[in-house]
Participant: 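Sharing a structure here in structure tokens format.
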Amino acid sequence: MSDDRFAPYDPAWLVDAAKNQHPAETWLHAALATCTRAIGDEPIIYFVDPQSPDWHVARDFRLNDTPRGDVEIDVLKDGRIGGVEFLKAEWRSGSFG
């Protein structure tokens, strides 16, 4: 990814949480491990530009009680991880639901 807006990112905490909560989803662990460049900050971090034509969410995975709170992972149709949404921040801001 050559987009200068993206900064280095360490997805280790996401990989660990996914392994603990979704141990059979090895493809998810591998996909999260490739999320080493990100744009944005809490409550939403993107690993794929959300304005790109590739942004088509196929499904979401929820990870509860991670070191950074509950999160929802957007999995794109091509299997890549599009981003992660920090749900706790939404509840605090009153913008959820």
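Here the structure is a predicted model, which is why all the values come from computation and not from measurement.
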Participant: Do Leu63 and Leu14 have side-chain heavy atoms sitting under 4.5 Å apart?
Facilitator: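 The answer is yes, as the side chains (C-beta and beyond) meet within the 4.5 Å cut-off.
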Participant: Salt-bridged, Arg59 to Asp74, with N to O below 4.0 Å?
Facilitator: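 Here Arg59 does not pair with Asp74 in a salt bridge, since their nearest N and O are not under 4.0 Å apart.
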Participant: I need the minimum non-hydrogen distance between Cys35 and Tyr9, along with the two atoms involved.
Facilitator: O-CD2, 3.6 Å
Participant: Show the nearest heavy-atom pair for residues Trp13 and Pro67, with the distance to one decimal.
Facilitator: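 Shortest heavy-atom separation between Trp13 and Pro67 comes out as CE3-CD, 4.5 Å.
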Participant: Please find the pair of heavy atoms, one from His29 and one from Ala18, that lie closest to each other, and give the distance.
Facilitator: NE2-O, 3.4 Å
Participant: Are Val84 and Phe47 close enough that some pair of their side-chain heavy atoms sits under 4.5 Å apart?
Facilitator: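 Result yes, sub-4.5 Å side-chain heavy-atom pair found.
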Participant: How long is the span from the OH atom in Tyr46 to the CD1 atom in Ile81, to the nearest 0.5 Å?
Facilitator: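 Reported value, rounded in 0.5 Å steps: 14.5 Å.
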Participant: Please round to the nearest 0.5 Å and tell me the distance separating atom CD of Glu72 and atom CG of Asn64.
Facilitator: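 That separation rounds to 10.0 Å.
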Participant: How about Phe6 and Asp49: do any of their side-chain heavy atoms sit closer than 4.5 Å?
Facilitator: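 The answer is yes, as the side chains (C-beta and beyond) meet within the 4.5 Å cut-off.
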Participant: Specify the closest pair of heavy atoms between Ala31 and Gly79, including all atoms of both residues, with the distance to one decimal.
Facilitator: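 Closest pair (atom of Ala31, atom of Gly79, distance): CB-O, 3.8 Å.
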Participant: Quick one, Leu76 and Val57 - any side-chain contact, counting heavy atoms below 4.5 Å?
Facilitator: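 Counting from C-beta outward, Leu76 and Val57 do come under 4.5 Å.
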Participant: So, Phe61 versus Trp27, ring centres under 6.0 angstrom or not?
Facilitator: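 Distance test on ring centres: under 6.0 Å, yes.
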Participant: Between Lys19 and Glu25, does any side-chain N to carboxylate O distance fall below 4.0 Å?
Facilitator: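 No, Lys19 and Glu25 are not salt-bridged.
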Participant: Quick one: pull up CD in Glu42 and CD in Glu85 and give me the separation to the nearest 0.5 Å.
Facilitator: 11.5 Å
Participant: Given side chains that start at C-beta, do those of Asp70 and Asp65 come closer than 4.5 Å, heavy atoms only?
Facilitator: yes
Participant: How many angstroms lie between atom CG of Leu28 and atom CD of Gln21, to the nearest 0.5 angstrom?
Facilitator: 10.5 Å
Participant: Are Arg80 and Asp54 within salt-bridge range, i.e. N to O under 4.0 Å?
Facilitator: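 Asp54 and Arg80: salt-bridged.
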Participant: Of Thr66, Ile45, Ile44, which meets side chain to side chain contact (heavy atoms under 4.5 Å, CB included) against Phe86?
Facilitator: Ile45
